[in-house]
Enquirer: 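I have a structure here, written as structure tokens, and I will follow up with some questions on it.
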Amino acid sequence: MARDVQITFDCADPAALAAFWADALGYQVQGPPAGFESWDEALDAMGVPPERRNDASAVLDPEGSGPRLFFQRVPEGKRAKNRVHLDVRAAPGLTGDARMAALEAEAERLVSRGATRLGRFEPAPPLDAGHIVLADPEGNEFCLD
């Protein structure tokens with residue numbers, strides 16, 4: 001039996017990191033529960049104090065096919081390289097110079113939104129089509145491929 005997957009990020013600022021990843025992936029920040037006009041209204045009803053309102057956030061694929069990304073506040077910062085990372089498929093079907101140009105354009109867009117560029121890996125056929133490594137605003141590495 002196949003299972004649904006949620007990807008969870010430990011972070012310092014769940015709202016900001018959720019906004020970055022929503023933009024990066026074309027996702028949407030998850031709306032408030034049914035019956036509430038806003039998260040503030042829902043959190044008021046739940047009795048969540050203002051200082052705890054950025055403890056978590058989530059983003060969803062608007063088409064419903066991709067995994068939910070969940071962001072939870074933790075007290076410690078990132079300490080080492082990720083052992084698992086996301087590959088953002090930014091140049092599907094492209095090869096060679098066209099592929100790398102599309103990846104560069106997406107890298108530039110994401111850097112303008114807070115990502116950090118870490119490296120570019122040139123195509124090495126037949127196994128490696130080339131990719132760019134970035135880090136999100138909290139230092140989590142990911143690849144544009």
Side-chain angles (χ1 to χ4, degrees), residues 2-33 36-44 46 48-145:
R3 306 227 188 266
D4 285 337
V5 173
Q6 171 176 282
I7 300 168
T8 300
F9 290 72
D10 290 349
C11 57
D13 187 346
L17 205 54
F20 173 83
W21 281 105
D23 183 51
L25 299 176
Y27 273 36
Q28 300 171 337
V29 174
Q30 185 171 341
F36 295 98
E37 293 291 317
S38 70
W39 272 108
D40 278 333
E41 183 183 327
L43 295 172
D44 280 341
M46 293 176 204
V48 176
E51 66 273 9
R52 300 281 317 272
R53 298 216 173 163
N54 191 23
D55 280 2
S57 189
V59 299
L60 305 169
D61 177 352
E63 296 177 8
S65 62
R68 179 179 191 249
L69 303 186
F70 181 73
F71 304 87
Q72 61 187 7
R73 187 188 325 226
V74 296
E76 70 278 355
K78 185 174 180 294
R79 296 187 185 141
K81 181 182 181 297
N82 300 0
R83 294 290 306 264
V84 174
H85 68 268
L86 302 182
D87 285 346
V88 178
R89 309 305 299 265
L94 299 177
T95 60
D97 291 341
R99 174 185 173 77
M100 295 310 291
L103 295 180
E104 286 292 350
E106 183 63 0
E108 186 175 309
R109 185 181 81 80
L110 293 175
V111 166
S112 77
R113 287 163 169 76
T116 302
R117 185 185 179 103
L118 300 178
R120 175 179 162 138
F121 295 83
E122 297 301 325
L127 297 178
D128 191 352
H131 62 282
I132 296 174
V133 180
L134 301 173
D136 72 16
E138 291 206 15
N140 301 299
E141 299 90 358
F142 66 98
C143 293
L144 294 179
D145 109 355

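These numbers come from a predicted model, not from an experiment.
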Enquirer: Listing request: all salt bridge (Lys or Arg N to Asp or Glu O under 4.0 Å) pairs with a residue in residues 80-96, at least two apart in sequence or in separate chains.
Expert: Arg89-Asp145
Enquirer: Does a side-chain heavy-atom distance below 4.5 Å link Leu134 with Val88?
Expert: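 Answer no - side chains too far apart.
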Enquirer: Roughly how far, to the nearest 0.5 Å, is the NE2 atom of His85 from the CG atom of Asn140?
Expert: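 Separation between the atoms: 12.0 Å.
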Enquirer: Under the side-chain hydrogen bond (donor to acceptor under 3.5 Å, both in side chains) test, which residues partner Glu63, sequence neighbours left out?
Expert: none
Enquirer: To the closest 0.5 Å, what do you measure between CG (Asp136) and CD (Glu141)?
Expert: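 It comes to 8.5 Å.
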Enquirer: If you measure from CD on Glu122 to CE on Met100, what distance do you get to the nearest 0.5 Å?
Expert: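 Atom-to-atom, Glu122:CD and Met100:CE are 5.0 Å apart.
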Enquirer: Between Gln72 and Asp10, is any side-chain donor less than 3.5 angstrom from a side-chain acceptor?
Expert: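 The answer is yes; a qualifying pair exists.
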Enquirer: Looking at CG of Asp55 and CZ of Arg73, how far apart are the two atoms once the value is rounded to the nearest 0.5 Å?
Expert: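 Reported value, rounded in 0.5 Å steps: 5.0 Å.
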Enquirer: Find out whether Phe20 and Phe71 are in side-chain contact, i.e. whether some heavy atom of one side chain is under 4.5 Å from a heavy atom of the other.
Expert: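 Side chain of Phe20 against side chain of Phe71, heavy atoms only: no contact under 4.5 Å found.
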Enquirer: Are the side chains of Val48 and Arg53 in contact, using a 4.5 Å heavy-atom criterion?
Expert: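 Yes - at least one pair of side-chain heavy atoms lies under 4.5 Å apart.
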Enquirer: Could you tell me whether a side-chain N or O of Glu138 sits under 3.5 Å from a main-chain N or O of Lys78, the two making a donor and an acceptor?
Expert: no
Enquirer: Is there a side-chain contact (heavy atoms from CB on, under 4.5 Å) between Leu86 and Ile7 once you walk through the steps?
Expert: CA-CA 9 Å; Leu86 302 182; Ile7 300 168; 3.7 Å; yes
Enquirer: I'd like a table of donor-acceptor pairs (distance under 3.5 Å, sequence neighbours excluded) in which one partner is a side-chain atom from residues 124-131, with atom names and distances.
Expert:
unit_1, atom_1, unit_2, atom_2, d
Asp128, OD1, Gly130, N, 2.9

Enquirer: Considering non-hydrogen atoms only, spot the tightest contact between Pro33 and Ala42 and give its length.
Expert: CD-CB, 3.8 Å
Enquirer: Grab the two heavy atoms, one from Ala102 and one from Ala90, that are nearest each other, plus how far apart they are.
Expert: CB-O, 4.4 Å
Enquirer: Would you mind reporting whether Leu110 and Leu144 have side-chain heavy atoms less than 4.5 Å apart?
Expert: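 Touching, per the 4.5 Å side-chain cut-off.
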Enquirer: Given side chains that start at C-beta, do those of Arg120 and Leu103 come closer than 4.5 Å, heavy atoms only?
Expert: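 Not in contact.
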Enquirer: Check Asn54 against Ala15 and note the closest heavy-atom contact, atom names and distance.
Expert: OD1-N, 2.8 Å
Enquirer: Is there a side-chain contact between Phe70 and Ser57, using heavy atoms and a 4.5 Å cut-off?
Expert: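 They are not in side-chain contact.
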Enquirer: Of all heavy-atom pairs between Ala24 and Glu106, which one has the smallest distance, and what is that distance?
Expert: O-OE2, 4.0 Å
Enquirer: Return the CG to OH distance between Asp61 and Tyr27, rounded to the nearest 0.5 Å.
Expert: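 The distance works out to 4.5 Å.
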Enquirer: Under 4.0 Å between a side-chain nitrogen and a carboxylate oxygen: does that hold for Asp23 and Arg109?
Expert: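 Salt bridge: yes.
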